[in-house]
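Step one of this worksheet: look at the structure below.
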There are 2 protein chains.
Amino acid sequence: MPEQTAPTKERILAAAGEIFGAKGFKDATIRTIALAAKVNVAAINYHFRDKEGLYGAVLEEVFHIGFTRFPATMDLEESSSSEQRLRAFIRAMFHRLLSREGWGGIAGRGRLIARELLAPSPAFEAVLDRYIKPHKDLLVTIISDIMGTNTNPGPEKLMPCAISIIGQCIYYAMASPVIKIIYAGNAPTEENLDRLTEFVWLFSLGGIAKIKDATL
Amino acid sequence: MPEQTAPTKERILAAAGEIFGAKGFKDATIRTIALAAKVNVAAINYHFRDKEGLYGAVLEEVFHIGFTRFPATMDLEESSSSEQRLRAFIRAMFHRLLSREGWGGIAGRGRLIARELLAPSPAFEAVLDRYIKPHKDLLVTIISDIMGTNTNPGPEKLMPCAISIIGQCIYYAMASPVIKIIYAGNAPTEENLDRLTEFVWLFSLGGIAKIKDATL
DNA sequence: AGGAGAATAAAACATTTGTTTGAAACTGGC
DNA sequence: GCCAGTTTCAAACAAATGTTTTATTCTCCT
(Lines give C-alpha, C1' and ligand atoms only; values in the text may rest on other atoms or scores of the structure.)
Protein backbone atom coordinates (compact mmCIF):
# COMPACT_ATOMS: atom_id res chain seq x y z
CA MET A 1 0.00 0.00 0.00
CA PRO A 2 2.20 2.88 -1.24
CA GLU A 3 0.72 6.06 0.11
CA GLN A 4 -0.13 8.69 -2.44
CA THR A 5 -2.91 10.96 -1.23
CA ALA A 6 -2.63 9.80 2.39
CA PRO A 7 -4.34 6.46 2.91
CA THR A 8 -7.78 6.59 4.45
CA LYS A 9 -6.75 4.80 7.60
CA GLU A 10 -4.26 7.53 8.40
CA ARG A 11 -6.69 10.25 7.41
CA ILE A 12 -9.16 8.83 9.90
CA LEU A 13 -6.51 8.63 12.60
CA ALA A 14 -5.48 12.23 12.06
CA ALA A 15 -9.01 13.60 12.06
CA ALA A 16 -9.97 11.47 15.05
CA GLY A 17 -7.02 12.73 17.06
CA GLU A 18 -8.01 16.29 16.43
CA ILE A 19 -11.67 15.79 17.21
CA PHE A 20 -11.30 13.46 20.18
CA GLY A 21 -8.85 15.95 21.64
CA ALA A 22 -11.11 18.91 21.12
CA LYS A 23 -14.39 17.37 22.21
CA GLY A 24 -13.69 14.26 24.23
CA PHE A 25 -14.72 10.70 23.57
CA LYS A 26 -18.45 11.05 24.00
CA ASP A 27 -18.92 14.41 22.33
CA ALA A 28 -16.94 13.37 19.29
CA THR A 29 -19.21 11.57 16.86
CA ILE A 30 -18.00 9.20 14.23
CA ARG A 31 -19.99 11.11 11.67
CA THR A 32 -18.04 14.28 12.47
CA ILE A 33 -14.78 12.37 12.25
CA ALA A 34 -15.81 10.75 9.00
CA LEU A 35 -16.73 14.11 7.53
CA ALA A 36 -13.43 15.68 8.58
CA ALA A 37 -11.49 12.74 7.16
CA LYS A 38 -13.56 12.76 3.97
CA VAL A 39 -14.49 9.15 4.55
CA ASN A 40 -17.64 7.14 4.79
CA VAL A 41 -18.82 6.38 8.31
CA ALA A 42 -18.66 2.65 7.70
CA ALA A 43 -14.97 2.94 6.89
CA ILE A 44 -14.28 3.70 10.52
CA ASN A 45 -15.87 0.51 11.72
CA TYR A 46 -14.18 -1.36 8.92
CA HIS A 47 -10.69 -0.23 9.86
CA PHE A 48 -11.00 0.11 13.62
CA ARG A 49 -13.80 -2.26 14.58
CA ASP A 50 -15.73 0.32 16.59
CA LYS A 51 -15.47 3.76 18.16
CA GLU A 52 -13.52 2.50 21.13
CA GLY A 53 -11.08 0.74 18.84
CA LEU A 54 -10.48 3.98 17.00
CA TYR A 55 -9.96 5.82 20.26
CA GLY A 56 -7.43 3.27 21.45
CA ALA A 57 -5.51 3.54 18.19
CA VAL A 58 -5.47 7.32 18.46
CA LEU A 59 -4.21 7.21 22.03
CA GLU A 60 -1.40 4.83 21.19
CA GLU A 61 -0.36 6.89 18.17
CA VAL A 62 -0.44 10.15 20.10
CA PHE A 63 1.84 8.89 22.85
CA HIS A 64 4.15 7.14 20.45
CA ILE A 65 4.67 10.22 18.31
CA GLY A 66 4.94 12.54 21.30
CA PHE A 67 7.57 10.53 23.10
CA THR A 68 9.65 9.59 20.07
CA ARG A 69 9.72 13.04 18.51
CA PHE A 70 10.30 14.84 21.79
CA PRO A 71 12.26 12.56 24.10
CA ALA A 72 12.92 13.86 27.59
CA THR A 73 16.63 14.06 26.76
CA MET A 74 16.00 16.44 23.87
CA ASP A 75 18.99 18.55 22.80
CA LEU A 76 21.01 17.34 25.74
CA GLU A 77 24.80 16.98 25.84
CA GLU A 78 26.25 13.84 27.29
CA SER A 79 27.91 15.79 30.11
CA SER A 80 24.87 17.82 31.11
CA SER A 81 24.25 18.53 34.77
CA SER A 82 21.16 17.17 36.49
CA GLU A 83 19.70 20.67 36.54
CA GLN A 84 20.03 20.87 32.79
CA ARG A 85 18.46 17.45 32.46
CA LEU A 86 15.48 18.72 34.42
CA ARG A 87 15.13 21.66 32.08
CA ALA A 88 15.25 19.36 29.07
CA PHE A 89 12.59 17.18 30.68
CA ILE A 90 10.28 20.14 31.21
CA ARG A 91 10.96 21.53 27.78
CA ALA A 92 10.14 18.24 26.11
CA MET A 93 6.93 18.08 28.10
CA PHE A 94 5.85 21.53 26.96
CA HIS A 95 6.80 20.71 23.40
CA ARG A 96 4.62 17.62 23.44
CA LEU A 97 1.76 19.51 25.02
CA LEU A 98 1.89 22.79 23.16
CA SER A 99 3.70 22.54 19.87
CA ARG A 100 1.84 21.84 16.66
CA GLU A 101 4.24 19.08 15.77
CA GLY A 102 3.74 17.41 19.10
CA TRP A 103 0.33 16.54 20.33
CA GLY A 104 -1.18 19.15 18.09
CA GLY A 105 -1.39 22.10 20.38
CA ILE A 106 -3.87 22.93 23.04
CA ALA A 107 -6.81 22.73 20.74
CA GLY A 108 -5.58 19.42 19.43
CA ARG A 109 -4.49 16.08 20.70
CA GLY A 110 -2.71 17.44 23.74
CA ARG A 111 -5.94 17.58 25.64
CA LEU A 112 -6.49 13.88 25.21
CA ILE A 113 -3.90 13.37 27.91
CA ALA A 114 -5.58 15.72 30.34
CA ARG A 115 -8.87 13.97 29.75
CA GLU A 116 -7.29 10.61 30.40
CA LEU A 117 -5.79 11.79 33.67
CA LEU A 118 -9.21 12.95 34.75
CA ALA A 119 -11.06 9.83 33.70
CA PRO A 120 -8.84 7.06 32.38
CA SER A 121 -10.31 4.97 29.60
CA PRO A 122 -9.70 1.24 29.25
CA ALA A 123 -7.18 1.97 26.52
CA PHE A 124 -5.11 4.12 28.86
CA GLU A 125 -3.68 1.30 30.91
CA ALA A 126 -1.37 0.10 28.15
CA VAL A 127 -0.12 3.63 27.53
CA LEU A 128 0.50 4.07 31.23
CA ASP A 129 2.86 1.11 31.43
CA ARG A 130 4.60 1.74 28.13
CA TYR A 131 5.20 5.47 28.30
CA ILE A 132 4.18 7.19 31.50
CA LYS A 133 5.74 4.99 34.16
CA PRO A 134 9.23 4.95 32.60
CA HIS A 135 8.95 8.68 32.06
CA LYS A 136 8.10 9.18 35.71
CA ASP A 137 11.05 7.01 36.77
CA LEU A 138 13.37 9.18 34.73
CA LEU A 139 12.10 12.32 36.40
CA VAL A 140 12.52 10.79 39.85
CA THR A 141 16.11 9.94 39.01
CA ILE A 142 16.80 13.48 37.89
CA ILE A 143 15.31 14.95 41.05
CA SER A 144 17.29 12.55 43.18
CA ASP A 145 20.47 13.62 41.41
CA ILE A 146 19.65 17.28 41.97
CA MET A 147 19.12 16.74 45.67
CA GLY A 148 22.49 15.06 45.76
CA THR A 149 23.53 11.47 46.01
CA ASN A 150 24.75 11.85 49.56
CA THR A 151 21.30 13.07 50.63
CA ASN A 152 19.71 9.87 49.33
CA PRO A 153 16.10 11.05 49.63
CA GLY A 154 13.26 8.55 49.82
CA PRO A 155 10.16 8.39 47.65
CA GLU A 156 8.17 10.44 50.17
CA LYS A 157 10.18 13.41 48.97
CA LEU A 158 10.88 12.43 45.38
CA MET A 159 7.39 11.43 44.27
CA PRO A 160 5.60 14.59 45.39
CA CYS A 161 8.31 16.68 43.74
CA ALA A 162 7.77 14.78 40.51
CA ILE A 163 4.03 15.24 40.76
CA SER A 164 4.38 18.95 41.42
CA ILE A 165 6.62 19.40 38.40
CA ILE A 166 4.47 17.40 36.04
CA GLY A 167 1.40 19.02 37.54
CA GLN A 168 2.58 22.48 36.62
CA CYS A 169 3.20 21.47 33.01
CA ILE A 170 -0.09 19.64 32.59
CA TYR A 171 -2.03 22.39 34.28
CA TYR A 172 -0.60 25.04 32.00
CA ALA A 173 -1.67 23.08 28.98
CA MET A 174 -4.97 21.90 30.33
CA ALA A 175 -6.23 25.14 31.82
CA SER A 176 -5.07 27.25 28.92
CA PRO A 177 -8.62 28.30 27.97
CA VAL A 178 -9.05 29.86 31.39
CA ILE A 179 -5.48 31.13 31.72
CA LYS A 180 -5.93 32.97 28.45
CA ILE A 181 -8.86 34.84 29.95
CA ILE A 182 -7.28 35.62 33.30
CA TYR A 183 -3.75 36.33 32.17
CA ALA A 184 -3.96 37.36 28.56
CA GLY A 185 -0.38 38.58 28.45
CA ASN A 186 1.41 35.28 28.58
CA ALA A 187 -0.96 32.54 27.49
CA PRO A 188 0.41 29.01 27.27
CA THR A 189 0.92 28.74 23.53
CA GLU A 190 3.59 27.49 21.22
CA GLU A 191 5.19 30.92 21.02
CA ASN A 192 5.67 31.19 24.78
CA LEU A 193 7.03 27.69 25.07
CA ASP A 194 10.57 28.66 26.03
CA ARG A 195 9.45 31.25 28.55
CA LEU A 196 7.16 28.72 30.22
CA THR A 197 9.96 26.19 30.33
CA GLU A 198 12.32 28.64 31.94
CA PHE A 199 9.80 29.62 34.57
CA VAL A 200 8.66 26.15 35.57
CA TRP A 201 12.27 25.03 35.63
CA LEU A 202 13.40 27.76 38.03
CA PHE A 203 10.31 27.46 40.19
CA SER A 204 10.83 23.72 40.48
CA LEU A 205 14.53 24.05 41.28
CA GLY A 206 13.56 26.33 44.14
CA GLY A 207 10.94 23.87 45.28
CA ILE A 208 13.30 20.92 45.16
CA ALA A 209 15.93 22.80 47.17
CA LYS A 210 13.38 23.70 49.81
CA ILE A 211 12.05 20.15 50.07
CA LYS A 212 15.56 18.74 50.25
CA ASP A 213 16.22 20.60 53.48
CA ALA A 214 12.77 20.12 54.98
CA THR A 215 11.94 17.38 57.47
CA LEU A 216 8.34 16.85 56.28
CA MET B 1 -42.14 24.91 51.49
CA PRO B 2 -40.95 23.49 54.83
CA GLU B 3 -38.47 20.76 54.05
CA GLN B 4 -39.20 17.41 55.59
CA THR B 5 -37.75 14.62 53.51
CA ALA B 6 -35.52 16.95 51.48
CA PRO B 7 -37.45 18.70 48.75
CA THR B 8 -37.17 17.27 45.30
CA LYS B 9 -35.41 20.28 43.85
CA GLU B 10 -32.55 19.82 46.32
CA ARG B 11 -32.50 16.09 45.83
CA ILE B 12 -32.06 16.67 42.12
CA LEU B 13 -29.29 19.20 42.72
CA ALA B 14 -27.43 16.82 45.00
CA ALA B 15 -27.67 13.85 42.69
CA ALA B 16 -26.79 15.96 39.66
CA GLY B 17 -23.66 17.30 41.36
CA GLU B 18 -22.46 13.82 42.08
CA ILE B 19 -23.20 12.47 38.63
CA PHE B 20 -22.06 15.46 36.61
CA GLY B 21 -18.83 15.41 38.59
CA ALA B 22 -18.23 11.74 38.06
CA LYS B 23 -19.17 11.49 34.39
CA GLY B 24 -19.13 14.96 32.87
CA PHE B 25 -21.93 16.86 31.21
CA LYS B 26 -22.46 14.69 28.18
CA ASP B 27 -22.03 11.31 29.80
CA ALA B 28 -24.42 12.13 32.61
CA THR B 29 -27.95 11.41 31.49
CA ILE B 30 -31.13 12.98 32.79
CA ARG B 31 -32.51 9.54 33.45
CA THR B 32 -29.56 8.50 35.60
CA ILE B 33 -29.86 11.67 37.64
CA ALA B 34 -33.60 11.24 38.00
CA LEU B 35 -33.14 7.68 39.16
CA ALA B 36 -30.50 8.65 41.73
CA ALA B 37 -32.69 11.48 43.02
CA LYS B 38 -35.76 9.23 43.07
CA VAL B 39 -37.60 11.67 40.85
CA ASN B 40 -39.43 11.56 37.58
CA VAL B 41 -37.44 12.68 34.56
CA ALA B 42 -39.93 15.42 33.79
CA ALA B 43 -39.37 16.95 37.21
CA ILE B 44 -35.89 17.99 36.10
CA ASN B 45 -37.18 19.95 33.16
CA TYR B 46 -39.92 21.36 35.32
CA HIS B 47 -37.55 22.73 37.95
CA PHE B 48 -34.51 23.58 35.86
CA ARG B 49 -35.90 24.18 32.39
CA ASP B 50 -33.44 21.84 30.66
CA LYS B 51 -30.24 19.89 31.18
CA GLU B 52 -28.06 22.93 30.73
CA GLY B 53 -30.11 24.83 33.27
CA LEU B 54 -29.57 22.06 35.77
CA TYR B 55 -25.86 22.04 35.07
CA GLY B 56 -25.62 25.79 35.57
CA ALA B 57 -27.43 25.53 38.88
CA VAL B 58 -25.10 22.76 40.02
CA LEU B 59 -22.02 24.74 39.07
CA GLU B 60 -23.18 27.83 40.92
CA GLU B 61 -24.07 25.82 44.01
CA VAL B 62 -20.78 23.95 44.01
CA PHE B 63 -18.69 27.10 43.91
CA HIS B 64 -20.86 28.91 46.41
CA ILE B 65 -20.63 26.13 48.96
CA GLY B 66 -16.94 25.54 48.35
CA PHE B 67 -15.88 29.14 48.78
CA THR B 68 -18.17 29.99 51.69
CA ARG B 69 -17.43 26.89 53.72
CA PHE B 70 -13.70 26.95 53.03
CA PRO B 71 -12.61 30.55 52.55
CA ALA B 72 -8.98 31.11 51.66
CA THR B 73 -8.41 32.74 55.05
CA MET B 74 -9.56 29.62 56.89
CA ASP B 75 -8.33 29.33 60.51
CA LEU B 76 -6.12 32.35 60.11
CA GLU B 77 -5.12 34.74 62.87
CA GLU B 78 -5.31 38.46 62.18
CA SER B 79 -1.57 38.83 62.60
CA SER B 80 -0.52 35.93 60.41
CA SER B 81 2.52 36.24 58.21
CA SER B 82 2.22 36.13 54.45
CA GLU B 83 3.79 32.68 54.46
CA GLN B 84 1.06 31.46 56.77
CA ARG B 85 -1.56 33.06 54.58
CA LEU B 86 -0.19 31.10 51.65
CA ARG B 87 -0.48 27.89 53.63
CA ALA B 88 -4.07 28.70 54.53
CA PHE B 89 -4.80 29.41 50.88
CA ILE B 90 -3.42 26.07 49.78
CA ARG B 91 -5.13 24.24 52.62
CA ALA B 92 -8.50 25.74 51.75
CA MET B 93 -7.98 24.73 48.15
CA PHE B 94 -7.27 21.12 49.07
CA HIS B 95 -10.22 21.09 51.43
CA ARG B 96 -12.54 22.24 48.70
CA LEU B 97 -11.12 19.75 46.25
CA LEU B 98 -10.69 16.71 48.44
CA SER B 99 -12.87 16.80 51.53
CA ARG B 100 -16.29 15.22 51.55
CA GLU B 101 -17.85 18.37 52.90
CA GLY B 102 -16.34 20.52 50.19
CA TRP B 103 -16.89 19.86 46.57
CA GLY B 104 -17.69 16.30 47.38
CA GLY B 105 -14.35 14.61 47.16
CA ILE B 106 -12.51 13.25 44.19
CA ALA B 107 -15.28 10.99 43.03
CA GLY B 108 -17.77 13.78 43.47
CA ARG B 109 -18.30 17.34 42.52
CA GLY B 110 -14.67 18.38 42.81
CA ARG B 111 -13.96 17.14 39.34
CA LEU B 112 -16.48 19.50 37.85
CA ILE B 113 -13.91 22.23 38.26
CA ALA B 114 -11.22 20.33 36.44
CA ARG B 115 -13.62 19.62 33.61
CA GLU B 116 -14.53 23.28 33.37
CA LEU B 117 -10.89 24.32 33.18
CA LEU B 118 -10.38 21.89 30.36
CA ALA B 119 -13.47 22.89 28.42
CA PRO B 120 -15.39 25.80 29.91
CA SER B 121 -19.15 25.64 29.54
CA PRO B 122 -21.32 28.71 28.97
CA ALA B 123 -22.30 28.63 32.64
CA PHE B 124 -18.67 28.92 33.71
CA GLU B 125 -18.22 32.55 32.81
CA ALA B 126 -20.35 33.82 35.68
CA VAL B 127 -18.51 31.60 38.15
CA LEU B 128 -15.20 32.85 36.81
CA ASP B 129 -16.01 36.47 37.55
CA ARG B 130 -17.71 35.85 40.86
CA TYR B 131 -15.33 33.40 42.48
CA ILE B 132 -12.17 32.61 40.55
CA LYS B 133 -10.88 36.06 39.63
CA PRO B 134 -11.09 37.50 43.16
CA HIS B 135 -9.53 34.32 44.46
CA LYS B 136 -6.65 34.70 42.04
CA ASP B 137 -6.17 38.34 43.05
CA LEU B 138 -5.87 37.29 46.66
CA LEU B 139 -3.20 34.76 45.82
CA VAL B 140 -1.24 37.30 43.80
CA THR B 141 -1.30 39.67 46.77
CA ILE B 142 -0.02 36.98 49.08
CA ILE B 143 2.82 36.08 46.73
CA SER B 144 3.72 39.74 46.33
CA ASP B 145 3.89 40.10 50.11
CA ILE B 146 6.10 37.04 50.40
CA MET B 147 8.52 38.40 47.84
CA GLY B 148 8.67 41.57 49.85
CA THR B 149 7.15 44.97 49.30
CA ASN B 150 10.50 46.53 48.48
CA THR B 151 10.99 44.07 45.65
CA ASN B 152 7.74 45.17 44.03
CA PRO B 153 7.57 42.36 41.47
CA GLY B 154 5.49 42.75 38.32
CA PRO B 155 2.79 40.42 37.01
CA GLU B 156 5.32 38.64 34.81
CA LYS B 157 6.64 37.07 38.01
CA LEU B 158 3.50 37.00 40.15
CA MET B 159 1.06 35.44 37.70
CA PRO B 160 3.16 32.41 36.74
CA CYS B 161 3.82 31.78 40.43
CA ALA B 162 0.10 31.85 41.10
CA ILE B 163 -0.57 29.51 38.21
CA SER B 164 2.12 27.10 39.37
CA ILE B 165 0.68 26.98 42.87
CA ILE B 166 -2.91 26.53 41.79
CA GLY B 167 -1.75 24.09 39.15
CA GLN B 168 -0.20 21.81 41.71
CA CYS B 169 -3.39 21.70 43.77
CA ILE B 170 -5.69 21.15 40.83
CA TYR B 171 -3.42 18.53 39.34
CA TYR B 172 -3.31 16.53 42.55
CA ALA B 173 -7.10 16.45 42.63
CA MET B 174 -7.62 15.96 38.96
CA ALA B 175 -5.06 13.29 38.27
CA SER B 176 -5.81 11.36 41.41
CA PRO B 177 -6.99 8.26 39.50
CA VAL B 178 -3.58 7.98 37.88
CA ILE B 179 -1.59 9.13 40.91
CA LYS B 180 -3.24 6.39 42.91
CA ILE B 181 -1.90 3.83 40.47
CA ILE B 182 1.61 5.23 40.17
CA TYR B 183 2.18 6.28 43.74
CA ALA B 184 -0.14 4.17 45.85
CA GLY B 185 1.53 5.19 49.11
CA ASN B 186 0.30 8.74 49.31
CA ALA B 187 -2.77 9.14 47.16
CA PRO B 188 -4.51 12.50 47.14
CA THR B 189 -7.41 11.75 49.46
CA GLU B 190 -9.11 13.43 52.35
CA GLU B 191 -6.87 11.64 54.84
CA ASN B 192 -3.67 12.95 53.30
CA LEU B 193 -4.98 16.47 53.06
CA ASP B 194 -2.65 18.01 55.60
CA ARG B 195 0.40 16.26 54.28
CA LEU B 196 -0.36 17.46 50.76
CA THR B 197 -0.85 20.99 52.03
CA GLU B 198 2.46 20.97 53.82
CA PHE B 199 4.31 19.69 50.81
CA VAL B 200 2.83 22.04 48.22
CA TRP B 201 3.33 24.93 50.61
CA LEU B 202 7.02 24.26 51.12
CA PHE B 203 7.64 23.49 47.47
CA SER B 204 5.94 26.73 46.48
CA LEU B 205 7.83 28.82 49.05
CA GLY B 206 11.02 27.47 47.54
CA GLY B 207 9.78 28.27 44.06
CA ILE B 208 8.75 31.80 44.97
CA ALA B 209 12.13 32.49 46.58
CA LYS B 210 13.94 31.28 43.48
CA ILE B 211 11.76 33.33 41.13
CA LYS B 212 12.16 36.41 43.28
CA ASP B 213 15.91 36.45 42.70
CA ALA B 214 15.78 35.38 39.06
CA THR B 215 15.95 37.82 36.17
CA LEU B 216 13.68 35.81 33.84
C1' DA C 1 -8.56 -10.18 -19.33
C1' DG C 2 -10.52 -12.08 -15.23
C1' DG C 3 -11.49 -12.98 -10.75
C1' DA C 4 -10.70 -13.00 -5.64
C1' DG C 5 -10.26 -10.21 -1.89
C1' DA C 6 -9.93 -5.65 0.05
C1' DA C 7 -11.91 -1.13 0.41
C1' DT C 8 -15.67 2.24 0.03
C1' DA C 9 -20.34 3.86 -0.19
C1' DA C 10 -25.43 4.46 0.77
C1' DA C 11 -29.05 3.16 3.38
C1' DA C 12 -31.34 1.13 7.09
C1' DC C 13 -31.49 -0.44 12.11
C1' DA C 14 -31.67 -0.38 16.94
C1' DT C 15 -30.70 2.41 20.99
C1' DT C 16 -30.14 6.11 23.63
C1' DT C 17 -31.48 10.53 25.23
C1' DG C 18 -33.38 15.32 25.93
C1' DT C 19 -37.76 17.13 25.87
C1' DT C 20 -42.82 17.63 25.76
C1' DT C 21 -47.57 16.41 26.69
C1' DG C 22 -51.64 15.69 29.18
C1' DA C 23 -53.50 13.76 33.08
C1' DA C 24 -53.32 12.79 38.03
C1' DA C 25 -52.03 14.05 42.80
C1' DC C 26 -51.08 17.38 46.08
C1' DT C 27 -51.24 22.00 48.66
C1' DG C 28 -53.03 25.95 50.86
C1' DG C 29 -56.66 29.32 51.33
C1' DC C 30 -61.76 30.42 51.47
C1' DG D 1 -65.39 20.73 51.14
C1' DC D 2 -63.92 22.76 47.10
C1' DC D 3 -61.03 25.04 43.88
C1' DA D 4 -56.84 27.44 41.74
C1' DG D 5 -52.19 26.82 41.44
C1' DT D 6 -48.29 23.92 41.95
C1' DT D 7 -45.99 19.68 41.61
C1' DT D 8 -45.40 14.84 40.08
C1' DC D 9 -45.89 11.13 36.93
C1' DA D 10 -46.27 7.84 32.90
C1' DA D 11 -46.11 7.81 28.23
C1' DA D 12 -44.89 9.40 23.84
C1' DC D 13 -41.95 12.15 20.52
C1' DA D 14 -38.19 13.54 17.83
C1' DA D 15 -33.51 13.86 17.07
C1' DA D 16 -28.88 11.98 17.34
C1' DT D 17 -25.69 8.27 17.06
C1' DG D 18 -22.98 3.73 16.91
C1' DT D 19 -23.34 -0.13 14.19
C1' DT D 20 -24.63 -3.39 10.52
C1' DT D 21 -25.99 -4.75 6.01
C1' DT D 22 -25.71 -5.07 1.23
C1' DA D 23 -24.10 -3.55 -2.95
C1' DT D 24 -20.50 -1.40 -5.67
C1' DT D 25 -15.84 -0.14 -6.79
C1' DC D 26 -11.01 -0.73 -6.56
C1' DT D 27 -6.58 -3.39 -6.59
C1' DC D 28 -3.51 -6.67 -7.54
C1' DC D 29 -2.04 -11.21 -8.97
C1' DT D 30 -2.05 -14.87 -12.49
Side-chain angles (χ1 to χ4, degrees), chain A residues 1-61 112 115-116 119-124, chain B residues 1-61 112 115-116 119-124:
Chain A
M1 188 191 289
E3 60 189 81
Q4 293 269 86
T5 69
T8 60
K9 194 166 177 179
E10 295 184 19
R11 281 213 313 280
I12 295 173
L13 223 44
E18 207 67 36
I19 292 172
F20 276 135
K23 311 176 74 162
F25 180 79
K26 191 76 174 226
D27 268 10
T29 75
I30 59 170
R31 280 179 173 80
T32 310
I33 294 170
L35 188 71
K38 292 192 177 60
V39 159
N40 190 281
V41 278
I44 292 176
N45 297 71
Y46 177 77
H47 285 287
F48 298 96
R49 182 187 170 92
D50 57 12
K51 194 183 177 185
E52 264 195 61
L54 172 60
Y55 184 79
V58 166
L59 207 63
E60 170 60 35
E61 193 213 24
L112 273 177
R115 290 183 198 281
E116 284 294 335
S121 74
F124 188 61
Chain B
M1 189 190 290
E3 58 189 83
Q4 293 269 85
T5 70
T8 58
K9 194 166 177 179
E10 295 184 19
R11 281 213 314 279
I12 295 173
L13 224 42
E18 207 67 35
I19 293 172
F20 276 135
K23 313 177 73 161
F25 181 78
K26 192 76 174 225
D27 269 10
T29 76
I30 294 282
R31 282 176 173 80
T32 311
I33 294 170
L35 187 72
K38 293 192 176 60
V39 159
N40 189 280
V41 278
I44 292 177
N45 297 71
Y46 177 77
H47 284 287
F48 298 96
R49 182 189 170 91
D50 57 12
K51 192 184 178 185
E52 264 194 61
L54 172 60
Y55 183 79
V58 167
L59 206 63
E60 169 60 34
E61 192 213 25
L112 273 178
R115 290 184 197 282
E116 284 293 336
S121 73
F124 188 60

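Proteins get letters first, then strands, A, B, ... in listed order; numbering begins at 1 in each. These numbers come from the heavy atoms of this one structure, side chains and all, not from hydrogens, waters or symmetry mates.
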Open item on the list: According to salt bridge (charged side-chain N to carboxylate O under 4.0 Å, His left out), does anything in residues 24-41 of chain A pair up with another residue at least two apart or in another chain? List the pairs.
Closed with: A/Lys26-B/Asp27, A/Asp27-B/Lys26
TODO: Tell me, please, which residues at least two apart from B/Ala14 pass side-chain contact (heavy atoms from CB on, under 4.5 Å).
DONE: none
TODO: For C/dT8, take OP1 and OP2 only and decide whether either is under 4.0 Å from a side-chain N or O of A/His47.
DONE: yes
- [ ] Could you state the atom-to-atom distance from CG of A/Asn40 to C1' of D/dT21 in whole Å?
- [x] 12 Å
Task: Contacts of A/Glu60 that satisfy side-chain hydrogen bond (donor to acceptor under 3.5 Å, both in side chains) - sequence neighbours left out - done: A/Arg130, A/Tyr131
Task: Integer-rounded Å distance: C/dT8 C1' and A/Arg11 CZ - done: 11 Å
Open item on the list: Please report the distance, rounded to the nearest Å, between CG in B/Leu35 and P in D/dC9.
Closed with: 12 Å
Under-3.5 Å N/O pairs linking protein and nucleotides 3-6 of chain D:
none

TODO: Check the distance between C/dT19's P and B/Tyr55's OH and give it to me in whole angstrom.
DONE: 15 Å
- [ ] Would you list the pairs meeting side-chain hydrogen bond (donor to acceptor under 3.5 Å, both in side chains) in which at least one residue belongs to residues 44-57 of chain B, sequence neighbours left out?
- [x] B/Tyr55-B/Glu116
Open item on the list: List the residues meeting side-chain contact (heavy atoms from CB on, under 4.5 Å) with A/Ala37, not counting sequence neighbours, and say none if there are none.
Closed with: A/Arg11, A/Ile12, A/Ala15, A/Val39
- [ ] Kindly say if B/Thr8 contacts the phosphate of D/dT7, meaning a side-chain N or O under 4.0 Å from OP1 or OP2.
- [x] no
TODO: State which residues pass side-chain contact (heavy atoms from CB on, under 4.5 Å) with A/Ala57; sequence neighbours excluded, sorted by chain then number.
DONE: A/Leu13, A/Phe48
Can you name the atoms? Protein N/O to nucleotides 16-19 of chain D N/O, anything below 3.5 Å, with the distance.
from, atom 1, to, atom 2, distance (Å)
D/dG18, OP1, A/Lys51, NZ, 2.8
D/dG18, OP2, A/Ile30, N, 3.0
D/dG18, N7, A/Arg31, NH1, 2.9
D/dG18, O6, A/Arg31, NH2, 3.1
D/dT19, OP2, A/Lys51, N, 2.9

- [ ] Mind calculating the distance between CD1 (B/Ile44) and C1' (C/dT17) to the nearest angstrom?
- [x] 12 Å
- [ ] State the CD1-CD1 distance between B/Ile30 and B/Ile44, to the nearest 0.5 angstrom.
- [x] 4.5 Å
TODO: Check whether any side-chain heavy atom of A/Phe20 sits under 4.5 Å from a side-chain heavy atom of A/Ile33, and report yes or no.
DONE: yes
